[in-house]
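What follows is a short report on a single structure.
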Amino acid sequence: RWAAAGMAHLLAISGLHVTLVGGFAYGLLAALAYVIACAGVTPRRWRSIAAGFGCVSALTYCLWAGAPVSGVRAVLMGCAMGLALCIRRRMDPMSALGLALTSMSSFDRSTLSDVGLWLSVLAVAALLAPKGQGGRGATFVEGLVAPAVVTAPLVAFLAGSVAWAGPIANAGALPIASFWVTPLSLIHSVLLASGVDGAFGARGAEAIFRAGAWLLNEIARVAAQGEGMSVGWSLPAAVGLRAIAVCGEWRDARWKLRGLVVLCLLIPWPSGSDGLRITHIAVGQGDSTLIQLPSGEAWLIDGGGRVGPGRFDPGAAYVVPALLNAGVQRIDTVVATHGDADHVMGLHAVFDRFSVGRLLWNGSKRAAATSLAARARALGSEVIAPSVDFRERYGPVECTIRAAPAANENDSSLVTLVRYRDFSAAFAGDISEVREAQIPWPKLSVLLAPHHGSKTSSSDLMLRASSPELVVLSVGRHNRYHM
């Protein structure tokens, strides 16, 4: 829900939280300086001490939180600007951001591949980038909306989509999270550490914290109910909206119009496709393939899996976002090749998110498959377990399901053949050499290697008969099968 609303970043300890801690510590001592200024201590000296105290506080909190990259970025920025204050120099915040990014990449180059870092950098840059003819910074309202707008393309690319209401939801949720929920959670933690859990103050802080958390959850729920926009829509939306802000003041109709023109020109207006599109979705150790037909239908073959208590769900994490990013609104046919968990358990998330016309499966008795079939029936999908070849034509595309009884689960996999003009592809589940020898293979353009390319499949007989131009292996990195 929070990811769909574009608010998942509020659940993590981020650079914003580190900045709040450091800023609070700095403000506390800076205010104290004015109170005791009559003692002969100059405010300038006290500001330097306050800057040091703020940096130490931010660093301590960052290390306590596990040193997330966005937190480290905030600490480095704060230390750079604090040092400049101590030596009576002025540092531009954008320069501090560049210095922090350079320092992090120099120390550990792998941080450049961390998505959290780039989300943090983009959000901060959106706040710091000067705009308007006067070069002024962001206003309060723009500061709430701009980070969500600028980071929307990256969030949509990673999550498959981001809610259209995401920037508005962030504008309402960010102040609540920053100045309500986060401070109260810190206060409550301090009270707990002080042994005053039962005190009125601790109970009051917890009650107010829960009220804020409930409000944040309601904002996420409402925002996530709307349709999401894929990266193809979020990128031009971000560019166009930012162009309106960067190119000139909102009251300047000429610059406003130019920003809107940029937005309209960059939007990828929907258009029909006259081709077949096949997407192999990376689900780790498992299979999942999306087939989008020229006539608009969508087929999904398997969905990865191995979901269980404490286990990662690739269906929700990878398959659903990939389908959304591909523009899929409804799935006409889901093919569950066989009952192994690494092929079907991820499909539960697909049925939860999409309307599915029908489920084709091999009638497996395994719990992973029977539970999926039961859920499909409960949701109103047609469930078919073909015992003979099943063939359908969609204009120039022919989809064939080859089914056969077998002595084991793998060899009972449904084999899907797709033909489109002079193109052909095969998706064979986990069949072995025994089942391969029973199938009359056509010449193939693409072959999804049976059983993830294991030594019991992809026989020389099958490869010579099909002569595939491209072979795809879907395996997990460092898998236990050493493939």
Side-chain angles (χ1 to χ4, degrees), residues 276 278 280-281 283 285-291 299-305 333-344 347 359-366 368-370 372-373 384-393 397-476 479-483:
L276 178 74
I278 297 176
H280 297 279
I281 303 171
V283 292
Q285 188 63 32
D287 281 345
S288 186
T289 304
L290 169 65
I291 304 174
W299 281 45
L300 179 66
I301 303 175
D302 290 335
T333 301
V334 167
V335 180
T337 57
H338 61 300
D340 282 1
D342 61 331
H343 287 253
V344 299
L347 291 174
L359 169 68
L360 302 180
W361 68 313
N362 68 340
S364 171
K365 302 301 182 182
R366 294 192 174 180
T370 56
L372 177 66
I384 303 174
S387 57
V388 294
D389 289 356
F390 182 95
R391 181 178 287 106
E392 282 197 348
R393 180 174 289 276
V397 179
E398 182 181 80
C399 299
T400 302
I401 301 293
R402 296 197 177 277
N408 58 69
E409 184 68 28
N410 286 344
D411 278 340
S412 68
S413 297
L414 299 180
V415 178
T416 304
L417 300 173
V418 178
R419 293 185 180 181
Y420 174 61
R421 297 174 181 169
D422 57 351
F423 174 89
S424 58
F427 313 90
D430 282 353
I431 64 173
S432 69
E433 295 178 347
V434 175
R435 176 76 187 285
E436 290 174 358
Q438 301 171 1
I439 297 175
W441 296 98
K443 297 296 181 182
L444 295 174
S445 305
V446 176
L447 169 67
L448 178 61
H451 208 178
H452 318 284
S454 71
K455 62 183 180 181
T456 60
S457 303
S458 303
S459 64
D460 290 340
L461 177 64
M462 186 268 284
L463 293 176
R464 282 196 300 267
S466 61
S467 185
E469 299 176 16
L470 174 67
V471 178
V472 178
L473 284 82
S474 182
V475 295
N479 63 80
R480 62 177 177 170
Y481 307 106
H482 307 291
M483 292 188 291

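- Arg435 and Val415 get closest at one heavy-atom pair: NH2-CG2, 4.0 Å.
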query = Can Val344 and Arg366 be said to form a side chain to side chain contact (heavy atoms under 4.5 Å, CB included), step by step?
reply = CA-CA 11 Å; Val344 299; Arg366 294 192 174 180; over 6 Å; no

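- Annotation: the span from Ile278 atom CD1 to Phe427 atom CZ amounts to 4.0 Å, rounded to 0.5 Å.
- Of the possible polar contacts, none joining the His280 side chain to the Thr289 backbone as a donor-acceptor pair under 3.5 Å is found.
- Within the 4.5 Å cutoff, the side chain of Ser445 has no heavy atoms near those of the Leu470 side chain.
- When side chains are defined from C-beta on, Thr337 does not count as touching Asp430, because their heavy atoms never get closer than 4.5 Å.
- Inter-residue side-chain proximity for Pro450 and Met462 is flagged as met; some heavy-atom pair is nearer than 4.5 Å.
- Rounding to the nearest 0.5 Å places NE2 of His338 at 9.5 Å from CG of Asn408.
- Between Arg402 atom CZ and Arg391 atom CZ the span is 6.0 Å, to the nearest 0.5 Å.
- Closest approach of Gly339 to Ala368, counting heavy atoms only: O-CB, 3.5 Å.
- Proximity of Val334 to Trp361: side-chain heavy atoms (C-beta onward) are nowhere separated by under 4.5 Å.
- Closest non-hydrogen pair, Glu436 versus Trp441, comes out as O-NE1, 2.9 Å.
- The side chain to side chain contact (heavy atoms under 4.5 Å, CB included) test with His451 singles out one residue from Asp287, Thr456, Asp411, and that residue is Thr456.
- No donor-acceptor distance shorter than 3.5 angstrom exists from the side chain of Asp340 to the backbone of Asp342, with no hydrogens or angles considered.
- If you take CD1 on Ile439 and CG on Leu461, they are separated by 11.0 Å, rounding to the nearest 0.5 Å.
- When all heavy atoms of Pro386 and Ala403 are compared, the closest pair comes out as O-CB, 3.3 Å.
- Rounding to the nearest 0.5 angstrom, the gap separating the CD1 atom in Ile301 from the CD1 atom in Ile401 is 6.5 Å.
- Distance OG1/Thr416 to CH2/Trp299: 6.5 Å, rounded to 0.5 Å.
- Scanning all heavy atoms of the two residues, the minimum distance from Ala428 to Ser413 falls at O-CB, 3.9 Å.
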task = List the steps, then state whether side chain to side chain contact (heavy atoms under 4.5 Å, CB included) holds for Leu447 with Leu463.
result = CA-CA 10 Å; Leu447 169 67; Leu463 293 176; 4.1 Å; yes

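- Contact check for Ser424 versus Leu417: no side-chain heavy atoms found under the 4.5 Å cut-off.
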query = Is there a side chain to side chain contact (heavy atoms under 4.5 Å, CB included) between Ile431 and Ser457 once you walk through the steps?
reply = CA-CA 7 Å; Ile431 64 173; Ser457 303; 5.6 Å; no

inquiry  = Does Leu300 form a side chain to side chain contact (heavy atoms under 4.5 Å, CB included) with Leu347? I'd like the steps, not just the answer.
reply    = CA-CA 9 Å; Leu300 179 66; Leu347 291 174; 3.7 Å; yes

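- Looking at Ser474, its side chain does come within 3.5 Å of a backbone N or O of Gly286 through a donor-acceptor pair.
- Arg419 places no side-chain N or O within 3.5 Å of a backbone atom of Pro442 that could act as its donor or acceptor partner.
- For Thr370 against Ser364, the heavy-atom pair with the smallest separation is CG2-O, 3.4 Å.
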